[in-house]
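What follows is a set of notes on a single structure, which appears directly below.
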Amino acid sequence: MKLLVPLICFASVAFSDDFKTVTGKEYKNALVSRVEPDGIVLTNKAGISKVYFTELPKDVQERFGYDPQRAADYSAQQSAGLDQVRKQQADALRREAEATQKANQYRAEQQTRQNELRALQSRYEELQRQEDDLLLRIGEAKKPGPAYFGGKDNKTLRHSPNPQASQLPLLQSHLKDVRHEKDQVR
């Protein structure tokens, strides 16, 4: 077991290397974590970077077996895969937007229905108050007018005409209209 630990440490040191691109960018003490057909993935204390073979000198390209045709095919395949992922994401966003729109529309319709119901309830209550008021006024109009004693002997109880009695046909017509509207609202 003691022998295995130094071998692992030696193996990581053995693969660490310095890389310099053709533009002059340097990757010091970098470990090649993966070789892909179009480049190498390097890990160092600065992080993880992918360096394309086209950015590296010929000797590094040859060392890692760079084949331009294979790299182009791999890049096209990766690009197609990314395009497919983007398309799927766009489809998912579209479906989500449609679902959100439907949900918002449903909520708006429900809110409209609730508002209409409240308005109808309020109107019904108002019509009920109007009906009650009309019934009270009709009752008052049907009562006889003020009483007085009259006749030849001034002992007979008589009633003056009720001044509201002339309003009775109009009040009954309004009552009929109110009850009709109440039935419609109901």
Side-chain angles (χ1 to χ4, degrees), residues 1-130 177-186:
M1 192 67 162
K2 288 183 182 180
L3 200 52
L4 185 60
V5 172
L7 278 177
I8 292 173
C9 293
F10 178 73
S12 19
V13 172
F15 290 105
S16 293
D17 202 353
D18 293 340
F19 291 92
K20 187 174 185 180
T21 66
V22 291
T23 59
K25 184 168 182 173
E26 293 187 33
Y27 297 89
K28 297 275 188 189
N29 198 27
L31 177 67
V32 176
S33 62
R34 189 169 66 240
V35 178
E36 295 177 349
D38 62 345
I40 54 177
V41 178
L42 303 175
T43 305
N44 63 6
K45 63 182 175 182
I48 300 173
S49 303
K50 180 169 183 176
V51 183
Y52 292 94
F53 284 125
T54 55
E55 300 172 336
L56 294 169
K58 286 279 184 202
D59 64 321
V60 177
Q61 291 176 0
E62 289 171 3
R63 185 169 120 200
F64 289 99
Y66 171 59
D67 176 2
Q69 183 57 48
R70 211 173 92 213
D73 293 344
Y74 179 77
S75 291
Q77 180 184 9
Q78 292 295 322
S79 180
L82 285 174
D83 288 345
Q84 180 65 27
V85 167
R86 285 187 195 108
K87 184 178 182 285
Q88 289 171 348
Q89 288 173 339
D91 288 346
L93 287 173
R94 181 187 48 76
R95 285 191 303 273
E96 184 179 329
E98 287 173 357
T100 300
Q101 182 181 7
K102 273 186 177 179
N104 289 342
Q105 183 178 359
Y106 177 76
R107 278 192 291 275
E109 289 171 359
Q110 291 297 341
Q111 186 64 43
T112 299
R113 285 188 189 116
Q114 287 177 354
N115 290 344
E116 289 170 352
L117 182 59
R118 276 190 226 112
L120 286 172
Q121 286 172 333
S122 178
R123 181 64 183 147
Y124 187 83
E125 290 167 3
E126 174 61 28
L127 289 168
Q128 184 63 50
R129 281 190 291 275
Q130 287 179 16
D177 292 343
V178 166
R179 286 179 172 167
H180 177 71
E181 189 175 347
K182 260 180 66 179
D183 287 341
Q184 287 180 329
V185 169
R186 193 177 302 139

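Numbers here simply count residues along the sequence, with the first being 1. Side-chain atoms are counted along with the backbone in the values below, which use heavy atoms only and exclude waters and symmetry mates. Predicted, not measured: the structure shown is a model, and the values here were computed from it.
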Smallest separation among heavy atoms of Tyr124 and Arg186, with atom names: OH-NH2, 3.0 Å
Residue Tyr52 excluded, over 12 heavy atoms near OH under 6.0 Å: no
Got more than 12 heavy atoms from elsewhere within 6.0 Å of CD, Gln110? yes
Is it true that Tyr27 and Phe19 have ring centroids separated by less than 6.0 Å? no
Nearest 0.5 Å please: distance from the CZ atom of Arg179 over to the CG atom of Asp183. 9.5 Å
Give a yes or no on whether the backbone of Val41 and the side-chain of Ser33 come within a donor-acceptor separation of less than 3.5 Å. yes
Does Asp177 come within less than 4.0 Å of Lys182, counting only side-chain N to carboxylate O? no
Would you check if Val178 and Glu181 make a side-chain contact, meaning some heavy-atom pair closer than 4.5 Å? no
Got a salt bridge between Glu96 and Arg94, using NZ or NE/NH1/NH2 to carboxylate O under 4.0 Å? no
Residues Lys102, Glu98: salt bridge by 4.0 Å N-O rule: no
Asn29 and Asn44 have their tightest heavy-atom pair at O-CB, 3.8 Å
Walk me through whether Glu62 and Tyr66 qualify under side chain to side chain donor-acceptor pair (under 3.5 Å). CA-CA 6 Å; Glu62 289 171 3; Tyr66 171 59; over 6 Å; no
In Å and rounded to the nearest 0.5 Å, what is the CD to CG distance from Gln61 to Asp67? 11.0 Å
Rounded distance [0.5 Å steps], CG in Leu120 versus CD in Gln184: 11.0 Å
I'd like to know whether Val32 forms a side-chain contact (heavy atoms from CB on, under 4.5 Å) with Asp17, so could you lay out the CA-CA distance, the side-chain angles of the two residues, the decisive distance to 0.1 Å, and finally the verdict. CA-CA 8 Å; Val32 176; Asp17 202 353; 5.9 Å; no
Begin from the C-alpha positions of Asp73 and Gln77 and carry the test side chain to side chain donor-acceptor pair (under 3.5 Å) through to its verdict. CA-CA 6 Å; Asp73 293 344; Gln77 180 184 9; over 6 Å; no
So, are Glu55 and Lys25 salt-bridged, with charged N and O less than 4.0 Å apart? no
Applying salt bridge (Lys or Arg N to Asp or Glu O under 4.0 Å), run through Glu36 and Arg34 and close with a yes or a no. CA-CA 6 Å; Glu36 295 177 349; Arg34 189 169 66 240; 2.7 Å; yes
So does Asp91 pair up with Lys87, basic N to acidic O under 4.0 Å? yes
For the NZ atom of Lys45 and the CG atom of Leu31, what is their distance to the nearest 0.5 Å? 14.5 Å
Using only heavy-atom distances, determine whether the side chains of Gln130 and Glu126 contain a donor-acceptor pair under 3.5 Å. yes
Distance-only, no hydrogens or angles: does the Ser79 side chain make a donor-acceptor pair with backbone N or O of Ser75 under 3.5 Å? no
Take Val22 and Thr54, measure what side-chain contact (heavy atoms from CB on, under 4.5 Å) needs, and give me the verdict at the end. CA-CA 9 Å; Val22 291; Thr54 55; over 6 Å; no
Evaluate the side-chain contact (heavy atoms from CB on, under 4.5 Å) criterion for residues Glu125 and Gln128: first the C-alpha distance (whole Å), next the side-chain angles of each, then the deciding distance (0.1 Å), finally the verdict. CA-CA 5 Å; Glu125 290 167 3; Gln128 184 63 50; 5.5 Å; no
Intermediate values then yes/no, side-chain contact (heavy atoms from CB on, under 4.5 Å), Leu117 and Gln114: CA-CA 5 Å; Leu117 182 59; Gln114 287 177 354; 5.6 Å; no
Before accepting this row, confirm whether a basic side-chain N of the pair Asp38/Lys50 lies closer than 4.0 Å to the acidic partner's carboxylate O. yes
To the nearest 0.5 Å, atom OH of Tyr106 lies from atom CD of Gln111 at 12.0 Å
Looking only at heavy atoms, which two atoms of Pro37 and Ala71 are closest? And how far apart? O-CB, 3.3 Å
State whether the side chain of Ser122 and the backbone N or O of Arg118 hold a donor-acceptor pair below 3.5 Å, judged by distance alone. no
Please name the pair of heavy atoms, one in Leu56 and one in Lys20, separated by the smallest distance, quoted to 0.1 Å. CD2-O, 4.3 Å
